[in-house]
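Notes to accompany the following structure.
Since this is a predicted model, take the numbers as computed values, not measurements. Just so it is clear: chains get the letters A, B, ... in the order the sequence lines come, proteins before strands, and each one is counted from 1.
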Amino acid sequence: MAKNITTQEKDYSQWYLDVIREAKLAEHSPVRGSMVIRPNGMALWENMRNALDQMFKDTGHENAYFPLFIPKSFLSKEAQHVEGFAKECAVVTHSRLKSVDGGVEVDPESKLEEELIVRPTSETIIWDTYRNWIQSYRDLPILVNQWANVVRWEMRTRLFLRTMEFLWQEGHTAHATKEEAIDETRQMLDVYATFAEEWMAMPVLKGMKTASERFAGAVDTYCIEALMQDGKALQAGTSHFLGQNFAKAFDVKFQDKDGEHKLVWATSWGVSTRLIGGLIMTHSDDQGLVLPPKLAPTQVVIVPIYRSDEQREAVLEYADGIFDELKELGVRIKVDDRDNYNPGYKFAEHEAAGIPLRIAVGPRDLENNNVELARRDLKTKNIESREGLGSRVKKLLDDIQDELFEKAKTRRDEMTSEVDSYDEFKNVIKEKAGFVWAHWDGTPETEEKIKDETKATIRLIPLGEGEEGKCMVTGKPSKQKVLFAVSY
RNA sequence: CGGGGAGUGGCGCAGUCCGGUAGCGCAUUCGCUUUGGGAGCGAAGGGUCGCAAGUUCAAAUCUUGUCUCCCCGACCA
C-alpha cells in the first residue's frame, strides 16, 4: 500500500514531498526554488481562493490589480520596509536580449534608467497610488485586495512552504482613524482564523508577533499559527496594522471633517499558497493527501467494478444514477470510468489524491441495491443502501469536515505544553516539540537567547489579558505567557 | 550563502572505485485475457547518462567548472 510514499515516521520531510508528488499537486521547475502548480494543486488553491474572496467581499472589500514591477526608488521610501525586503528582491536591470552566435545575451545598451523590482509585496506601489485616490475623508476607507504572485529571493526553499515565487492575496486598506484601522486589522485576522478552521479544518491560535517577527514597516503584526503533525509551527496568515508609516513615506493625507489635513492609517494582510503546505501537514497520512470536503476539488469519486461488457454497461448506468443524484445536491463528484486501470489501482490513486469519499459499485451492489462507501480520512469501508444515499453522503461530508477539525485540534492540544522553568522548556522543545506556553520578560535579548539555545521562537503573544508571572529565563516580570515553538 | 548527499528513458534505481556496444523494475503503446485493494501473458517504443569544457584512440565512468534537488546551518510567509 502507498508504495511510493515514504512513511511519516521514517522521514517526515520526504513524506511531505512524496505526498505532493503522488497527489499531483506540484513539481519542481527548472528554476531554483520555483514550482509548477499542477491542475490538482491549482484546483485546490482555486477553492481556497474562492472561499476567501467571498469572505473579503462580505466584509466590504473589492479586488484590484497593481503592477508586478516596482520602481526601485519606491522601495527606499519606508526605512523599516526597505531593510526587511532589500535582501530578497529580484531586480530587472535590462529590457532586451540580443543574439550572439546561436545564443542570446543581455544587450548592454538596453540598461534601464531606473531599475525595477519584482514585487516582494505591494505596499509601496499601492501607497503611491493611494496618494492620488485620497483627498477627503469621504474617499475613506479604501478596502482593496489583490490576488497576485510575488517574488522573494529565498536561500532555502520547500514546495508550497517557501518558494521564490508564490501566489497570494494582499489586502491593503486606508482609514481615517487609528481605531478603524486597528479594527480592520483584527477583523481580517478573524477572517483568516475562520477560514483556517471552517474551511481548512486547521485549528489556529491568534495573537501578535514580537518586534523581531514583525512585518517590515508595520506597527503591529497579528498572526494565526497552526501546529503541524511533526510538532513544528506554521505561520498561516498575517494581518498588519501599519499605523501611518506608509502614509508618511508616500505623503498620503486627507482633509478631515474639521478641515485639517491628516495622515491616513493603514493595514495590510495576506495569506499565500503556503496554506496548501499547512493543509497537507495537518491532515494527510502515509497513504497520501487527506483533504477537507469543503476544499476538495472532487468530494466523491465513483469507481465502477465489472467483468463483462454487459456488467460494465449496467454498473455504469447505476453509477451515473448516483452521479446525477449527488450532482443535483451540489456535491463535487466524478465517475472514474477509465477502463485501463483496475479498481485497486484507482482506489490507491484516489486515496493519494485525498478525495474524501469513494463509492464503489459492482454487480453485487446492483443486485442488492447497495454501494460500498469508503472514507478517506478513517480508511473505513461500509456497505450502504442505495436508498437515500444522497442525503447521507451530504451529511457524511459534513461529518468528515467536522471530524478532521476535531482530530487536528485534539492533536494540537495534546502537543501543547505549559512550562514554568527554562530547563523544563528546553526538555519539552527537545523531546516533545509542539507549542509551549511560557513566561517571557518581553525583551528581544531573551527572545534571541532562547532562539539560539533551543531553536524555538515566540510564535505569538496572546491577545487580551493573561496571568502575570516571571520570565523562565531571567526571572524578570512577565505580563503573560507567550507561545513558543520551533517553526517552519 | 556555508557544510553534507544526490542528478543515468516519465518514476525508482544498478553500472562509476578499475574508461571499451547503456541496463533493470515500474510506467507507456498494441493485442488477448482480466477487473470487489496498486492485474497476467506476448510484442513494441522511449535515454546527447543534468549541462559545459578538459584528459584519452575511446568518457555515464577520470579532471575542472556550472545548474538543479534533498538534509543541516544563517535568512525568511
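- Between A/W265 and A/F241, the two ring planes are parallel [angle under 30°; tilted spans 30° to 60°].
- Partner assigned to B/G38 is none, using Watson-Crick or G-U wobble distances below 3.5 angstrom.
- Remark: the A/K379 side chain and the B/G37 base include no donor-acceptor N/O pair separated by less than 3.5 Å.
- Between A/Y422 and A/F425, the ring-plane angle classifies as parallel under the 30° and 60° cut-offs.
- Contact of A/R156 with B/G2 (side chain to base): no donor-acceptor pair of N or O atoms is detected under 3.5 Å.
- Base pairing analysis places B/G54 opposite B/C62; the two distances defining the Watson-Crick or G-U wobble pair are each below 3.5 Å.
- Between A/W168 and A/F166, the angle of the ring planes goes over 60°, which puts this pair in the perpendicular group of the 30/60° scheme.
- Within 4.0 Å (heavy atoms only), A/R312 reaches no atom of the nucleic acid at all.
- Following rounding to the nearest Å, A/D336 (CG) and B/G36 (P) show an atom-to-atom distance of 14 Å.
- Salt-bridge formation is detected for the pair A/R21/A/D18: a Lys NZ or Arg NE/NH1/NH2 atom is positioned less than 4.0 Å from an Asp or Glu carboxylate oxygen.
- Base engagement by A/R152 is indicated by at least one non-hydrogen atom pair under 4.0 Å involving a base atom.
- Per the geometry, CD1 belonging to A/I20 stands 10 Å off P belonging to B/C70, to the nearest Å.
- Nucleic acid contact class of A/Q235 (heavy atoms, under 4.0 Å, all strands): sugar-phosphate only.
- Counting non-hydrogen atoms under 4.0 angstrom, A/Y488 reaches nothing in the nucleic acid.
- A/T121 comes within contact range of no nucleotide atom at all, as no heavy-atom separation falls under 4.0 Å.
- Across the strands present, B/C17 finds no partner; the criterion is a Watson-Crick or G-U wobble pair with both atom distances under 3.5 angstrom.
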